[in-house]
Amino acid sequence: AEALAEQDKDKAIELYSKVIQLDECNAGAYNNRGALKAQLGNDDEAIEDFNKAIELEPKDAGAYNNRGNSKMRIGDINGALDDYNKAAELDPKEKGIYQNRARLKQQSKDYNGAIADYNQAIELDPKNAELYNNRGNAKADVLDIEGAMADYNKAIELNPNMPEIYYNRGQLYYNLHLYDKSLIDYNRGIELSPNNSGAYNNRADLYLKMGQLDNALDDINTAITLDPSSYVSYVTRGEIYQAREQYNDAICDFSKVISINSNIKDVYKYLSECYYRLLDKTSDEEKKKQYAALADANQKKYNEFDNKADK
């Protein structure tokens with residue numbers, strides 16, 4: 001069943017179910033079946049299997065770790081943390097447990113806790129580039145810029161062909177306004193993973209900052225082609241159109257963003273700005289009134305977000 005799991009998970013699940021029918025006390029079969037269900041996105045059913053595995057073998061760290069993963073995916077953060085803690089208590093030498101718990105802590109914005117867990121994982125697996133990359137992200141979140149840069153550099157030293165590292169280091173350079181260095185990293189990341197929509201979006205935003213508007217537009221169009229459902233790319237393209245003074249095109253993109261996600265505050269400000277620019281450009285009095293009304297309406301919508309935050 002383990003060998004089959006790589007090729008046909010549904011068939012492997014059937015085989016584990018037959019094993020369980022023959023031996024209802026086989027904790028490993030429940031754990032393995034649960035892991036396969038989780039890989040297929042059936043976390044609720046997976047948790048039932050992990051519960052049974054733990055009931056039969058309460059000292060199986062792997063079952064607690066697996067259940068923690070499923071609980072994290074369904075949003076049971078406290079339950080996942082309890083499971084990871086128990087798993088680490090049972091098997092303190094398993095780096096994957098610390099890695100998973102660190103991800104959970106990052107998701108919960110406990111960045112220092114995440115860094116402590118990544119430290120543990122790296123001590124157990126000091127040549128794992130992904131661990132350095134992830135710890136770099138956590139350090140960046142607490143504004144330990146020097147530490148984050150050191151981790152990204154170490155990750156690249158260990159695995160120079162991992163595109164995520166270049167994206168992350170490129171973003172760090174971007175935040176430091178070191179745009180030329182950021183561009184080098186974004187280029188390398190895209191070279192390694194040419195179908196990543198988010199990477200093209202980030203480079204388009206960088207080109208926008210650098211005033212290279214044609215390059216920015218080329219990249220953001222590629223990003224949208226790769227993932228037409230990402231509202232982030234429409235925000236970026238709208239900003240590029242604004243910079244090119246193509247205000248009607250910008251309005252179309254910002255309106256598209258709202259149709260996908262109406263809770264993006266800044267889009268209403270951008271729309272207001274576009275309508276004011278159109279107002280300045282027209283001599284048609286009727287259009288002036290229309291643009292002024294639309295500008296004011298979007299500014300009002302933008303202000304409502306601040307009012308909600310104050311309550």
Side-chain angles (χ1 to χ4, degrees), residues 5-9 36 38-41 43 69 72-73 99-100 103 106-107 128-138 140-141 148-149 151-175 178-241 243-244 246 249-250 252-261 264 267:
E6 294 298 319
Q7 301 172 353
D8 189 338
K9 292 180 175 58
L36 289 168
Q39 289 174 34
L40 292 173
D43 283 300
N69 291 339
M72 181 167 68
R73 280 191 293 270
Q99 185 173 12
N100 291 334
R103 288 173 180 152
Q106 277 185 282
Q107 183 178 315
N128 187 314
E130 183 181 2
L131 292 175
Y132 284 98
N133 176 63
N134 292 350
R135 189 175 69 177
N137 292 341
D141 286 325
M149 191 67 73
D151 274 350
Y152 293 144
N153 291 341
K154 181 65 175 179
I156 288 170
E157 176 188 323
L158 291 168
N159 185 356
N161 295 314
M162 185 175 169
E164 293 85 354
I165 311 170
Y166 295 98
Y167 301 148
N168 292 330
R169 192 175 68 175
Q171 186 64 46
L172 191 61
Y173 281 132
Y174 176 95
N175 293 339
L178 299 173
Y179 297 139
D180 289 338
K181 289 185 175 182
S182 179
L183 181 59
I184 291 170
D185 274 350
Y186 283 158
N187 288 345
R188 179 59 176 156
I190 288 171
E191 180 184 335
L192 292 168
S193 182
N195 294 316
N196 186 317
S197 171
Y200 286 99
N201 176 77
N202 289 350
R203 193 171 68 178
D205 187 50
L206 174 61
Y207 279 134
L208 175 60
K209 291 290 187 190
M210 299 172 76
Q212 298 183 29
L213 299 184
D214 289 341
N215 287 335
L217 189 58
D218 286 343
D219 265 0
I220 202 59
N221 285 336
T222 299
I224 290 171
T225 298
L226 290 169
D227 184 5
S229 67
S230 173
Y231 72 83
V232 175
S233 293
Y234 292 103
V235 174
T236 302
R237 190 169 69 178
E239 291 181 275
I240 294 166
Y241 281 139
R244 293 166 65 96
Q246 295 174 235
D249 291 326
C252 286
D253 274 344
F254 293 140
S255 299
K256 176 73 172 178
V257 173
I258 292 171
S259 73
I260 299 172
N261 187 339
I264 309 302
V267 170

- Asn215 side, atom CG; Met210 side, atom CE - distance, nearest 0.5 Å: 9.0 Å
- Item | Test item: side-chain donor near acceptor, Tyr186 and Gln171, under 3.5 Å | yes
- Distance (rounded to the nearest 0.5 Å) between Ile165 CD1 and Glu157 CD: 11.0 Å
- Item | Within the 6.0 Å centroid threshold, strictly below: Tyr174 and Tyr179 | yes
- Under 3.5 Å, is there a donor-acceptor pair linking the side chains of Arg237 and Asn201? no
- Item | Test side-chain hydrogen bond (donor to acceptor under 3.5 Å, both in side chains) applied to Asp218 - qualifying residues, sequence neighbours left out | none
- Any side-chain donor paired with an acceptor under 3.5 Å for Asn137 and Tyr152? yes
- Interatomic distance, Asn128 atom CG to Asn134 atom CG [nearest 0.5 angstrom]: 8.5 Å
- Query: From Arg169 CZ over to Asp185 CG, what is the distance, rounded to the nearest 0.5 angstrom?
  - Reply: 4.0 Å
- Give a yes-or-no answer on whether the side chains of Asp151 and Asn133 include a donor-acceptor pair shorter than 3.5 Å. no
- Note on the structure: Contacts of Ala199 meeting side-chain contact (heavy atoms from CB on, under 4.5 Å) (sequence neighbours excluded), chain-then-number -> Tyr167, Ile190, Asn196
- Query: Any donor-acceptor pair under 3.5 Å linking the side chain of Asn153 with the backbone of Met149?
  - Reply: yes
- Output for pair (Asn159 CG, Lys154 NZ), nearest 0.5 Å, gives 12.5 Å
- Which residue pairs pass the salt bridge (Lys or Arg N to Asp or Glu O under 4.0 Å) test with at least one member in residues 206-217, sequence neighbours excluded? Asp214-Arg244
- Item | Any donor-acceptor N/O pair, Ser182 side chain to Leu178 backbone, under 3.5 Å | no
- Item | Any side-chain heavy-atom pair of Ile258 and Val267 under 4.5 Å | yes
- Item | Side-chain donor/acceptor of Tyr166 to backbone N/O of Glu191, under 3.5 Å | no
- Query: Roughly how far, to the nearest 0.5 Å, is the CD1 atom of Ile224 from the OG atom of Ser230?
  - Reply: 8.0 Å
- Task: Considering only NZ, NE, NH1 and NH2 on the basic side and carboxylate oxygens on the acidic side, decide whether Arg103 and Glu130 come within less than 4.0 Å.
- Result: yes
